[in-house]
There are 2 protein chains.
Amino acid sequence: MRISDLSRRSGVSVTTIKYYLREGLLPPGRQTAATQAEYDDQHLRRLRLIRALTGVRGLSVSTTREVLDALGEHAGDTHTLLGLALGSVRVGEEPAGDAPEAGEVRALVEELGWDVHESAPARATLAETLSTLRSLGVPVDRHTLLPYARLAERTAELDLGQLDGIADPLEAAERALLLTVLLEPALMALRRLAQENESARRHAN
Amino acid sequence: MRISDLSRRSGVSVTTIKYYLREGLLPPGRQTAATQAEYDDQHLRRLRLIRALTGVRGLSVSTTREVLDALGEHAGDTHTLLGLALGSVRVGEEPAGDAPEAGEVRALVEELGWDVHESAPARATLAETLSTLRSLGVPVDRHTLLPYARLAERTAELDLGQLDGIADPLEAAERALLLTVLLEPALMALRRLAQENESARRHAN
DNA sequence: GAGTATTGGATACCTCTACTATCTATGTTA
DNA sequence: TAACATAGATAGTAGAGGTATCCAATACTC
C-alpha cells in the first residue's frame, strides 16, 4: 500500500499523513526505493487510532505520540498501560506542583482502600480540582467525593470486564486504551443526560 | 476597585483582563470618568470562574463566553442550565451531522426511561463515540452502555443533591455549572485510579 | 522506451487561539 | 505639578495543527 492508498482508505490527506510521519505519530513505511515506501494495515489502523484520539477526545499531537509510544512499550503490561492515557498522561516524571489538597486525596485513597501508585497523575488532578472548587466557594471535601469514588469503582469493574477474553496482549492494551480514553466523552454525555432526567424528575414533584 | 486591584487580587494580568473585557467574557466596569472604571466583587468572582473554566477544564474562550452568557440568561432555570455546559455546549442550534448510531442512542434512552430533550447535544456525542469505537473494531452497543448509564443515574443523583438548600437561583445555577463542568476531570481521575486498583486486584489472584 | 503521474523528503507558509505589548489621551495621587 | 495609572484601540507574538510547493527519483501506461 502506498501513501495515496493509505490516504484514500483513511480519509486523511497525504500532506497530513506526511505531517504525522514527521511528528513520529506514524512509523515510517518500509522503504522499497529512494522515493518509494510500502505501508500496511498496521499503518492504517494506527492512523485511525490517531484520528480517534485527536478528534473525538481532543488529545494534542504530542500527547497522542506519548500515548502511542507507551502502547508499544508496555503492550504486554495492561496494568501499567491503564495509568497512562488522557490529557494527564505525563509518561515521564512530572513537576508535581503540590497543591495543599494532596494530603486530603491521600486520605481519600486510604479510606477507599485502593491500591494505586503514589505518583499517579490522577491524584494531582483530584487535588487541583478540590483546590479550584474551594477557591470558588464550593464546599467539597473527601466526604463529598467518596460516593463518587464508589461509583467509579463499579465503572472500573465494567471497564476491566470488557478486556476479558482477549488473548493478544497488544490487542488487549489497545482496547484498554480505547475504552479508557474514548469512552470518557460518552460517560460524561451519559452523566449530562442523567442530570437532565434527574432534574426533570425533581421538578415534576 | 480598579483594574490593577482586580489584577492583583485575581492573579490575572491587566492586559489579559482587558482581553477578557474585549471578548465579552467579563462585563465592563462602571465608568467613573473617560479613563476610569470601577470593578467590584462580582467581577472578581467572574474572573475566577473564567480561569477555572479555561484552566482546569480547558474550555476555549468562546465556549466559556457562551456558558457564562447562558448562566446569566437562565439563572432561574437550573433545569435548562444543566443541559448547557462542557465542550459540547452549543447553546444555539447545531448542524446535527447525524451518525447512523443516533437511532441506537434513542433506543438506549427509551430503555432507560429517561426524560431528556430530543435535541440534547449529549445524544450526538454518544452516537459519535459508538461510531468511532466500532470503526476501530471495538464491539460496543447500547447493551454495553446500559450499565454505565445506570451508574450515571446515581452520579446525577449525587450532583443534584448538592444543589439542595441553595436559595439564591443565580448561586444555584453557578454551582450547578461548577459541579457539572469542573467535576468532570475529577470523576475521570477517580475512574483512572479505580481502574488501576481493579487491575491490581485482578492480577493479584 | 518515452512521457506522464506519483512519491518521499524538505521547507515554507497559513490559520486560529490566547494572549501580550505599545500607544495615546485622560485621570489620579503625592 | 510631576510621576504614575487607566481605558480603549491597534498591532504583534508564540504555539498548535496543519497545508502547499518544490525537487529529484521512481513507477505506471502506452
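Below, chain A is the first sequence line, B the second, and so on; all start at residue 1.
Applying the side chain to side chain donor-acceptor pair (under 3.5 Å) rule to A/R123 yields no partners; only residues at least two apart in sequence or on another chain are considered.
Side-chain nitrogen and oxygen atoms of B/Y20 include none within less than 4.0 Å of the OP1 or OP2 phosphate oxygen of C/dA18.
One can place CG of B/L6 at 17 Å from P of D/dA5, the figure rounded to the nearest angstrom. Rounded to a whole Å, the CD atom of A/E66 is 12 Å from the P atom of D/dA16. The distance between atom CG of B/L21 and atom C1' of C/dC19, rounded to the nearest whole Å, is 14 Å. As a whole-Å value, the separation of B/I3 CD1 from D/dT6 P is 8 Å. Distance CG (A/L59) to P (D/dG17): 10 Å, rounded to an integer number of Å. Here C/dG8 presents its P atom at 12 Å from CZ of A/R30, a figure rounded to the nearest Å. Computed from coordinates, the B/M1 CE to D/dT6 C1' distance equals 16 Å when rounded to whole Å. Distance, B/L53 CG to C/dT17 P: 18 Å, rounded to whole Å.
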Close N or O pairs between protein and nucleotides 26-29 of chain D (under 3.5 Å):
| residue | atom | partner | partner atom | Å |
| --- | --- | --- | --- | --- |
| D/dT26 | O4' | A/T35 | OG1 | 3.3 |

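Contact annotation for A/Q31: backbone-only contact, meaning every heavy-atom pair under 4.0 Å involves sugar-phosphate atoms and none involves a base. B/T54 comes within contact range of no nucleotide atom at all, as no heavy-atom separation falls under 4.0 Å.
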task = Kindly determine whether A/L190 and B/L126 satisfy side chain to side chain contact (heavy atoms under 4.5 Å, CB included), including the steps that lead there.
result = CA-CA 8 Å; A/L190 284 173; B/L126 279 175; 3.7 Å; yes
request  = Starting from the C-alpha separation in whole Å, work towards a yes-or-no answer on side-chain hydrogen bond (donor to acceptor under 3.5 Å, both in side chains) for A/R46 and A/Y39.
outcome  = CA-CA 11 Å; A/R46 170 66 72 106; A/Y39 303 90; over 6 Å; no
query = Can A/R134 and A/D141 be said to form a side chain to side chain contact (heavy atoms under 4.5 Å, CB included), step by step?
reply = CA-CA 9 Å; A/R134 281 178 183 170; A/D141 57 14; 3.5 Å; yes
request  = Decide yes or no on salt bridge (Lys or Arg N to Asp or Glu O under 4.0 Å) for B/R175 and B/D168, but give the supporting numbers first.
outcome  = CA-CA 11 Å; B/R175 179 143 325 165; B/D168 179 38; over 6 Å; no
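In terms of position along DNA chain C, the nucleotide closest to A/Y39 lies nearer the 5' end than the nucleotide closest to the other residue of the pair B/S62 and A/Y39. If B/S4 and B/R22 are placed on DNA chain D by their nearest nucleotide, the residue sitting closer to the 5' end is B/S4.
Within residues 9-18 of chain B, the residues having any heavy atom closer than 4.0 Å to DNA chain C are, in order of number, B/S13, B/T15, B/T16.
By the 6.0 Å contact criterion, CZ on B/R150 is enclosed, its count of non-hydrogen atoms from other residues, nucleotides or ligands being greater than 12. Few gaps surround CZ on B/R65; more than 12 heavy atoms of other groups in view lie less than 6.0 Å from it.
Between D/dG18, C/dA18, D/dA7, one nucleotide has an atom nearer to the side chain of A/Y19 than all others, and that is D/dG18. Comparing D/dG18, D/dG17, C/dC19 by their nearest atom to the side chain of A/S60 picks out D/dG17.
With rounding to the nearest 0.5 Å, the separation of CG in B/D40 from CG in B/D5 is 12.5 Å.
Residue B/L130 is tested with B/L108, B/V138, B/V140 for a side chain to side chain contact (heavy atoms under 4.5 Å, CB included); the sole match is B/V140.
The closest side-chain donor-acceptor pair between B/W114 and B/E153 falls under 3.5 angstrom.
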